[in-house]
Structure formats: structure tokens, C-alpha cells
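A short worksheet on the structure shown next.
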Amino acid sequence: MRLQNSIELKEPFSLAQTLECGQIFRVFKRNDYYIVPYKGSVLKLAQHRNMLSYEVFGKEVSKTELGNFLGITHSISEINQYLLNRDKRILPFLDYVKGLRIIKMEPYEAAISFIFSIQSSIKLISKRLNILSEIAGRPFKVDDEIIFLFPTSKELGKLSNRDISLLRLGFREKFFREFIEKYSEKDFEKITSKSFEEKEKFLLSIRGVGKKVAHCILLFGFGELSAFPVDVWIKRALECYFGISGSPKKLTEEGRAIFGKFSGYAQEYIYAYIRVFNS
DNA sequence: TGACAGGAAAATA
DNA sequence: TATTTTCCTGTC
């Protein structure tokens, strides 16, 4: 399907890889396009070779903003060259996942998404985020279907404990209730201009957020491309392919020391590669 | 149906 | 301070 507006892609870009690699969880795949709720709008996205076409429903989203959201503005040849210079062993990973970009979503939404990700599969994370959007978010008509926007902190504040129990967060439910009560979009907006370390410190101060989730929020919510989230998969890959081991906390620092300012891309390349070859 | 996957907090050394 | 145990749900 060719949609109304388009962006010409100058470097390798894969919409499918970018939307399906597990960095964003509310993506609805249709036959020949994707539906993605984004801020106060709903996007329809499709790709044909080096052409990305799109349509915006609701509040206008500029071409530049869409480019930022999808990581199209990242200079991938520069990033890849940088990573190769840091450590040549990244080559097979980077070669395999050509076109994967790192998304830049809203920090508040990213925080909730990755709090839900703890000890959960991608499928379960999506399910929880969709339930949350359906019970608290604004419905939006796109063609002949209803898509729910991600709820605002104000909308989440109206939820009852019974609503929240639908998410089946188990003993972590209290952390999420505390999160809704304590934080709003503003708390995340006001730290965007602060340093990496200060952002990390703030995120780690949230109950239920540890090193891994903090780095996911830094990477996908704040666009901090030097973040390096270490989950069990990355831990295994670092041991197997790079010969380094230790606690996930320690591996985050080691990964950052190896891959520098684009550690996040290295992490995503490794993650996408290892997940494909282990399922 | 019992084993297993998954990350942070709490407990322990 | 660093390591181990516990917590819960979904999947097969």
C-alpha cells in the first residue's frame, strides 16, 4: 500500500526490523502496512524499498518528528563505522541486522513499557500495554477500526485498583500503583536536558526500576544512544562471542566501555541477531 | 502438569 | 558491598 506522504530513505532502513525487534510494543501489523499509536496521533506506515510512506490520523506529525521517532535521522554508516573501529567483532551482528533503527518514544510511555517488561515476553508486554490503553486511553477511529492511544498520567490516575489488577503484574502491582501516583510526563520532561548520569540516577530511584530497565528507558525514551541494557540474552552473547562475563550491572559498564557513544546500537544488533538464531 | 523463562527487591553473608 | 534467594504469571 502506498500512503499519502513519503520520505525518501538515504541509508539502509527496515521498517519491519525497527518495529518488530522488541523496542516498541504497541504496533499493529496489517497486510501491507503498520498502525502505530504515537503521542496524540495514530500513524499508518509502509515501506517500499527506499521509500517510507505514511499517513497521520489526528494531530499533525511533521516529517522531521516522524524521522526522529523512527531513527531515520541517525547516520547509520557513521554509527556502524564507529562501532567497527571500537571492536571488529561486532561485524557479523551489524551485517545481519542492516536497517534496524533505534526508536525514540515518549519517556513516560517508555518507562511504563519497560516496567511492564520485567520478567516478561514481548507478547505479554504488548498485552499489558494494550489492556492499559484500552481501559484508560483515548479511543481513536482509523478507517473502520478503533485504536487506543497510550494513556496520559492524568488518565492513569483515574484507574481503580481493580482496573490495575487486570494487568496481572503480580507482586509488582504495588510498584506500578506507586509509579502512577508519584510520577507524570512532566517528571520525565524536566530531566531531558540533564546528563546521562543524572537521568540514570533518577530512573534508578524509581521503585521497580533496576539497571536493565533504566537503560532501556534511557535508550528508547531519551535517545541516549550510549545506553547498554543487559538482559539474559545479552549476557549470554557477551560471554559466548566476546568472552566477557559478570553481573548484568557490571556488563552494562563493560559494554559501554567497549562500544562508546553508540553502545545502544551495538546492543540492539547483538540482541536482534541472537534472538533470531535462538528461536 | 510440572518445568522453565524472565529482572528487581529483599535477604544474607 | 557482593552474592543468593524470592517473588508471580504465562507458556508449552
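Residue numbers begin at 1 in each chain, while the letters A, B, ... track the order of the sequences.
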Note: A/E181-A/R177 ion pair, threshold 4.0 Å (strictly below): no
Does any part of the side chain of A/I112, heavy atoms only, come nearer than 4.5 Å to the side chain of A/L156, both counted from C-beta? yes
For C/dC8 and A/R128 - does any side-chain N or O of the residue sit under 4.0 Å from the phosphate oxygens OP1/OP2? no
Is the shortest distance from a Lys or Arg side-chain nitrogen in A/R30 or A/E145 to a carboxylate oxygen in the other one below 4.0 Å? yes
If I take atom CD from residue A/E20 and atom OH from residue A/Y34, how far apart are they, to the nearest 0.5 angstrom? 3.5 Å
Indicate yes or no: does A/K235 engage A/E239 in a salt bridge with an N to O separation below 4.0 Å. yes
Rounded to the Å, how far apart are A/I164 CD1 and C/dT9 C1'? 18 Å
Judged by each residue's nearest nucleotide on DNA chain C, which is more toward the 5′ side, A/S247 or A/S121? A/S247
With side chains defined as the heavy atoms from C-beta onward, is the minimum distance between A/I234 and A/L251 less than 4.5 Å? no
Take nucleotides 7-13 of chain B nucleotide by nucleotide from the 5' end and write B, S or -, depending on whether a protein heavy atom sits under 4.0 Å from the base, only from the sugar-phosphate, or from neither. BSSS---
note: A/F116, atom CZ; B/dA5, atom C1'; distance rounded to Å ~ 20 Å
Other residues, nucleotides, ligands: >12 heavy atoms within 6.0 Å of A/K194 NZ: no
Difference in axis direction between the ends of the helix from B/dG2-C/dC12 to B/dA13-C/dT1, five pairs, 10°: 30°
Determine whether a donor-acceptor pair (N or O, by modelled atom type, separation under 3.5 Å) exists between the side chain of A/R101 and the backbone of A/P12. yes
How many whole angstroms separate atom CD1 of A/I115 from atom P of C/dT9? 18 Å
A/I234 CD1 - B/dG6 C1' separation (whole Å): 14 Å
Roughly, in whole Å, what's the span from CG in A/L167 to P in C/dG10? 11 Å
With the threshold set at 4.0 Å, does a side-chain nitrogen-carboxylate oxygen contact exist between A/K182 and A/D187? no
Can you tell me how far C1' of C/dT9 sits from NZ of A/K123, to the nearest Å? 13 Å
